Amino acid sequence: MRATLIHGPRDIRVEDCPDPVLLADTDAIVKVGAACVCGSDLWPYRGINPIPEPRRIGHEFIGTVTALGSKVATLKVGDFVVAPWANSCGTCPPCRNGVQVACEHRASWGGNDENGLPVDGGQGEAVRVPNADGTLVPVPGVSEPDEVLSKSLLALSDVMGTGHHAALGARVAPGRSVVVVGDGAVGLCGVLAAKRLGATRIIAMSRHADRAALAREFGATDVVAERGAEAAVKVRELLGGVLADSVLECVGTAEAMDQALRCTRPGGSLGFVGVPHGQDGLPISVLFSKNISVAGGAASTRAYLPELLEDVLAGLINPGLVFDTVMGLEQAPEAYRAMDERRAIKVMLKLG
């Protein structure tokens, strides 16, 4: 089969790789219909995360189950499934508590399972899925989704659930004002999540016309281009002299966190989901003096998939709009370049 590997900074290649086979009785094999490039994939692509040797890459995919281990009980061959970005067993204490990202038996896409057996990356033609019962979510009544539905289903594997996680961490609720820091796919889905949870005033931070337009389509009432202290001044102006009740930090840099905290009112809440890079930690003195509550981290999108999937299938939300570019698997190197250069918000790699 063909699959994507990262060899080094800005060195993405699509190569011939062995077809996956069942290695454990809890495995499934999924023929990938679509995958995508994640913003977090850009950290190793840019050389910020080390790449000691070539490895498979990709952690978001949807597709069709083609084979099952003997102990898989919740799936059948032919099911169309969504694979969350974090593999999970579904039965250990963290999984039972809805924190599948901390699964005690988690496997790593493009890495290994708990037994040291290799696991395929999501950006390839097929994937061996360890912990199939706990990980994969079948899509009822769907066998061959069209491109529009495929985009939204693929968004549920990571970015929509991650935006939702940020909104929950920020205690978004009806009547609360919201600021979203970050206009990538996660930040835009954070806007959509805030709207879904009932917020009526949603301020998106963006300097890009296409992303700002999508933020408004997702429910943003205002767009702010300013950064840092100037952004907080603008937020205060828009909200009639106060700062925001809820702020979503969806970038992961020290600058983004600083801006998020500046925009949060005393007694407000901040939800953070940006993968931390170049950050020394939260300024405890600021949290103390402003009584800001902070929650978030890596999102257990598996926990949110059932409710979000229901809304997608009912046509209530369309997170797939974050995929503004579609390419074939062989174009994966160009997909990375397009996202790295911000020529694309998010690229879907279409295989099926």
Side-chain angles (χ1 to χ4, degrees), residues 3-4 28 30-42 56-65 79-87 109-110 120-127 129 135-165 184-193 196 214 218 250 273 299-332 334-336 338-339 344-352:
T4 306
V30 173
K31 179 183 177 183
V32 176
C36 58
V37 179
C38 182
S40 63
D41 292 330
L42 298 181
R56 304 279 192 90
I57 194 166
H59 53 259
E60 302 154 277
F61 61 95
I62 57 176
T64 303
V65 174
D79 279 347
F80 194 88
V81 294
V82 179
W85 76 270
N87 180 280
W109 306 122
D120 305 280
Q123 295 167 19
E125 292 183 324
V127 176
V129 180
T135 300
L136 298 175
V137 177
V139 182
V142 173
S143 57
E144 295 184 9
D146 60 20
E147 186 173 293
V148 172
L149 180 56
S150 290
K151 288 179 176 179
S152 280
L153 295 177
L154 189 55
L156 297 183
S157 69
D158 188 346
V159 291
M160 184 61 212
T162 298
H164 180 67
H165 187 58
V186 171
L188 292 167
C189 285
V191 171
L192 182 57
R196 178 178 177 271
L214 184 52
F218 276 171
C250 302
V273 293
S300 294
T301 57
R302 177 62 180 82
Y304 308 132
L305 248 164
E307 62 175 292
L308 296 176
L309 175 59
E310 185 176 333
D311 280 8
V312 164
L313 295 178
L316 299 177
I317 58 173
N318 186 12
L321 290 175
V322 297
F323 290 101
D324 58 341
T325 305
V326 179
M327 299 182 184
L329 178 63
E330 299 295 332
Q331 295 174 285
E334 172 57 22
Y336 276 79
M339 287 187 59
I345 298 173
K346 195 166 178 68
V347 179
M348 182 170 83
L349 299 174
K350 190 173 181 180
L351 290 90

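Just so it is clear, the structure is predicted and the values come from calculations on it, not from any experiment. Just so you know, these numbers use all the heavy atoms, side chains as well, and skip hydrogens, waters and symmetry mates.
Rounded to the nearest 0.5 Å, atoms CG (Leu188) and CE (Met160) are 11.0 Å apart. Taking CG from Asp120 and CZ from Arg56, the interatomic distance works out to 4.5 Å, rounded to the nearest 0.5 Å.
Residues Arg196 and Leu308 are in side-chain contact: their nearest non-hydrogen atoms beyond the backbone lie under 4.5 Å apart. Between Cys189 and Val322 the shortest side-chain heavy-atom distance falls below 4.5 Å. In this structure, Trp85 and Cys38 have side chains that are not in contact, with every pair of non-hydrogen atoms separated by 4.5 Å or more.
The shortest heavy-atom contact between Ala28 and Leu136 is CB-CD1, 4.0 Å. The shortest non-hydrogen separation linking Val142 to Phe80 is O-CB, 3.3 Å. What you find for Cys250 and Val186 is that their closest heavy atoms are CB-CG1, 4.0 Å. The heavy-atom pair separating Phe323 from Cys36 by the smallest distance is CE2-CB, 3.5 Å. Closest heavy-atom contact between Lys346 and Ala185: CD-CB, 3.6 Å. The heavy-atom pair separating Pro138 from Asp79 by the smallest distance is CB-OD2, 4.2 Å.
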Q) Can Leu351 and Glu125 be said to form a side chain to side chain contact (heavy atoms under 4.5 Å, CB included), step by step? A) CA-CA 7 Å; Leu351 290 90; Glu125 292 183 324; 3.9 Å; yes

Q: Check the pair Thr325, Met339 against side chain to side chain contact (heavy atoms under 4.5 Å, CB included), reporting the backbone distance first and the verdict last.
A: CA-CA 10 Å; Thr325 305; Met339 287 187 59; over 6 Å; no

Q | Intermediate values then yes/no, side chain to side chain contact (heavy atoms under 4.5 Å, CB included), Leu313 and Leu149 | A | CA-CA 8 Å; Leu313 295 178; Leu149 180 56; 4.3 Å; yes

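Partners of Thr135 under the side-chain contact (heavy atoms from CB on, under 4.5 Å) rule, at least two apart in sequence or in another chain, are Pro84, Asn87, Ser88, Trp109, Val129, Asn131. Remark: His59 pairs with no residue by the ring-ring contact (aromatic ring centres under 6.0 Å, His included) rule, at least two apart or across chains. Partners of Ala332 according to the side-chain contact (heavy atoms from CB on, under 4.5 Å) rule, which considers only residues two or more places apart in sequence or in another chain, are Thr4, Ile12, Val14, Leu349. For Gln331, the side-chain contact (heavy atoms from CB on, under 4.5 Å) partners are Met327, not counting sequence neighbours. For Lys350, the side-chain hydrogen bond (donor to acceptor under 3.5 Å, both in side chains) test picks out Glu147, with sequence neighbours left out. With sequence neighbours left out, Asn318 forms a side-chain contact (heavy atoms from CB on, under 4.5 Å) with Ser152, Leu321.
In this structure, Asp324 contributes its side chain and Ile345 its backbone to a donor-acceptor pair below 3.5 Å.
When the options Leu154, Val159, Leu153 are evaluated for a side chain to side chain contact (heavy atoms under 4.5 Å, CB included) with Ser157, the one that passes is Leu154. Between Val139 and the choices Leu309, Val81, Val312, the side chain to side chain contact (heavy atoms under 4.5 Å, CB included) rule is met once, by Leu309.
At most 12 heavy atoms of other shown residues, nucleotides or ligands fall within 6.0 angstrom of atom CD in Glu310.
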